[in-house]
Amino acid sequence: SFLRGEAAARLRDDPGNLREAVHNFEEAVRLDPSFAFAYSSMAEVHLELGVYYEAPRDHMPLARQYAERALALDPSMHQAHGTLGLIDLLYDWNLPLAQSELEEADTRDNAIWQLGCTTHLLSINGRSRHAEEDLENMLEFDPHSGMLIAELGCVKYYSGHYDDSIRYYRQALTIDPHSVLGNWGMGRSLAREGRYKDALEDLRRFKKLNGFQPTIITAEIGFTEAISGDRHDAMETLKQLQDESKRVYVDPYLMAVVFLGLKDRKDTYVWLDRAYQAHSPFLISIATDPKWSALRSDARFEALWNRMTAVARN
């Protein structure tokens, strides 16, 4: 499928490359309307744009449309089923439907290649051991995949085993020091250990290596500054995100993360509600990300989760 391997992962870290890919696949299906692989790949690209760079409402419906078109042409296409499962999970927050769509191992593997976070997000019901097994099975075929090793770090982070998480992230970053998710995950894990200085150094290193800073890393810097007691710098980072939102899409969830670090519950919920309205793909993680644990007994948090999952219950 289109997005595979470490080189492809670096390409998708640039939204310009993804937009160019959309254009190329559109031309491919114009020339050959029966080209199922091009439709499936176009769905994957729209999924990536809707998760990391642009408004989900602008891309997720297109991703679903193209994945369904691919399956109409070739019902056996695991990549397209994987994309649909990720849309169910990230955009519709329908965990039962996502788990059903991703039940087959080949489909689940394709979803993981599209988005490494698939494994730990599917383990919301506590099946973290299953997530590790999926990754370990995939690593047998690609033992040097920085993405898969980083995802093992994610699984350990979400299960509260931060020493193991840091070890996996360090290994993944040795393979691919330019990885957005590897650097982000390392910063999150170090912060959970109370190693705020180290966390900030790792998070800020990404820009030094790559010349730009994704908003998910900016938000994590703001959160870490806030929980370390540096309110002034956290407010400056928050202003940076607000200024950036005038030029590019900034997921409202990321603003909520900084306010969470500042212990400003009022504005945290304001931005969580905006994330809900935007169908933020990050919002599903509030069920398991340790940083949200203090809010889970809050009635407002429970009400938000109930709104998110209402479709699955009906």
Side-chain angles (χ1 to χ4, degrees), residues 3 12 15 18-19 22 42-69 80-102 111 114-125 158 180-181 184 214-216 218-220 241-242 244-246 248-260 267-289 291-292 295-296 300-314:
L3 299 170
R12 69 187 178 192
L18 293 172
R19 295 187 199 102
V22 168
M42 194 154 46
E44 292 185 30
V45 180
H46 278 291
L47 177 76
E48 289 282 333
L49 284 167
V51 170
Y52 293 116
Y53 300 110
E54 297 174 4
R57 288 183 180 276
D58 292 343
H59 290 281
M60 294 299 193
L62 285 172
R64 184 184 295 280
Q65 174 186 327
Y66 291 131
E68 289 175 345
R69 176 60 177 158
H81 279 295
T83 298
L84 289 178
L86 288 173
I87 295 167
D88 293 334
L89 180 67
L90 303 172
Y91 186 68
D92 295 327
W93 309 309
N94 191 329
L95 185 61
L97 192 57
Q99 289 175 326
S100 176
E101 188 74 55
L102 301 175
Q114 288 183 61
L115 185 76
C117 302
T118 303
T119 51
H120 67 256
L121 292 175
L122 282 174
S123 66
I124 286 173
N125 58 3
Y158 278 84
V180 174
L181 295 180
W184 181 46
T215 52
I216 58 172
T218 304
E220 200 63 33
L241 281 171
Q242 291 168 332
E244 197 164 350
S245 70
K246 298 170 186 175
V248 299
Y249 180 75
V250 175
D251 194 303
Y253 170 88
L254 300 177
M255 304 291 288
V257 164
V258 184
F259 280 113
L260 175 70
D267 281 321
T268 297
Y269 281 110
V270 166
W271 285 97
L272 284 177
D273 187 64
R274 293 179 186 179
Y276 171 82
Q277 299 299 330
H279 273 248
S280 165
F282 293 101
L283 200 53
I284 191 73
S285 67
I286 65 173
T288 48
D289 190 327
K291 62 163 52 82
W292 294 100
L295 266 64
R296 291 195 188 114
R300 289 171 294 179
F301 188 95
E302 185 176 350
L304 172 64
W305 184 254
N306 286 339
R307 274 190 291 158
M308 289 172 60
T309 57
V311 172
R313 296 194 306 273
N314 293 335

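Basis for what follows: all heavy atoms, side chains included, without hydrogens, waters or symmetry-related copies.
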I need the minimum non-hydrogen distance between [X] and [Y], along with the two atoms involved.
{"X": "L241", "Y": "V250", "value": "O-CG2, 3.9 Å"}
{"X": "T288", "Y": "R296", "value": "C-NH2, 3.3 Å"}
{"X": "G50", "Y": "P281", "value": "O-CG, 3.5 Å"}
{"X": "T215", "Y": "E244", "value": "CG2-OE2, 3.7 Å"}
{"X": "S280", "Y": "P56", "value": "CA-CG, 4.4 Å"}
{"X": "L102", "Y": "A111", "value": "CD2-CB, 3.7 Å"}

### Message
Measuring from atom CZ of R307 to atom CH2 of W93, what distance do you get when rounded to the nearest 0.5 angstrom?
### Response
8.5 Å

## Note on the structure
Distance col, row D251:CG vs Y53:OH, nearest 0.5 angstrom, shows 13.5 Å

#### Entry: Worked check of side-chain contact (heavy atoms from CB on, under 4.5 Å) between N94 and L89
CA-CA 5 Å; N94 191 329; L89 180 67; over 6 Å; no

Side-chain heavy-atom pair [X], [Y] within 4.5 angstrom cut-off:
{"X": "L181", "Y": "I216", "answer": "yes"}
{"X": "V258", "Y": "W271", "answer": "no"}
{"X": "V51", "Y": "L86", "answer": "no"}
{"X": "Y269", "Y": "L295", "answer": "yes"}
{"X": "L304", "Y": "D273", "answer": "no"}
{"X": "W292", "Y": "V257", "answer": "yes"}

#### Entry: Audit row: I87, T83, side-chain contact (heavy atoms from CB on, under 4.5 Å) steps and yes/no
CA-CA 6 Å; I87 295 167; T83 298; 4.0 Å; yes

### Message
Angle between ring planes, Y91 versus H279, binned at 30° and 60°: parallel, tilted or perpendicular?
### Response
tilted

### Task
Quick one: sort the W184 and F282 rings into parallel, tilted or perpendicular, breaks at 30° and 60°.
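It falls in the perpendicular class, over 60°.
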
Which residues share a side chain to side chain contact (heavy atoms under 4.5 Å, CB included) with [X], sequence neighbours left out:
{"X": "D58", "answer": "A55"}
{"X": "E302", "answer": "N306"}
{"X": "A303", "answer": "none"}

### Query
Is the backbone N or O of Q242 less than 3.5 Å from a side-chain atom of S245, with the two atoms forming a donor-acceptor pair by type?
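Confirmed, S245 side chain pairs with Q242 backbone.
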
### Task
Could you walk me through whether I284 and W305 pass side-chain contact (heavy atoms from CB on, under 4.5 Å), step by step?
CA-CA 9 Å; I284 191 73; W305 184 254; 3.9 Å; yes

List the atom pairs, with distances to 0.1 Å, where a side-chain N or O of residues 60-69 and a protein N or O form a donor-acceptor pair under 3.5 Å, not counting sequence neighbours.
| unit_1 | atom_1 | unit_2 | atom_2 | d |
| --- | --- | --- | --- | --- |
| R64 | NH2 | D88 | OD1 | 3.4 |
| R64 | NH2 | D92 | OD2 | 2.5 |

### Evaluation steps, side-chain contact (heavy atoms from CB on, under 4.5 Å), between L272 and F259
CA-CA 10 Å; L272 284 177; F259 280 113; over 6 Å; no

### Message
List the residues meeting side-chain hydrogen bond (donor to acceptor under 3.5 Å, both in side chains) with E101, not counting sequence neighbours, and say none if there are none.
### Response
H81

### Task
Using the test salt bridge (Lys or Arg N to Asp or Glu O under 4.0 Å), find all partners of R300 that sit at least two apart in sequence or belong to another chain.
D298

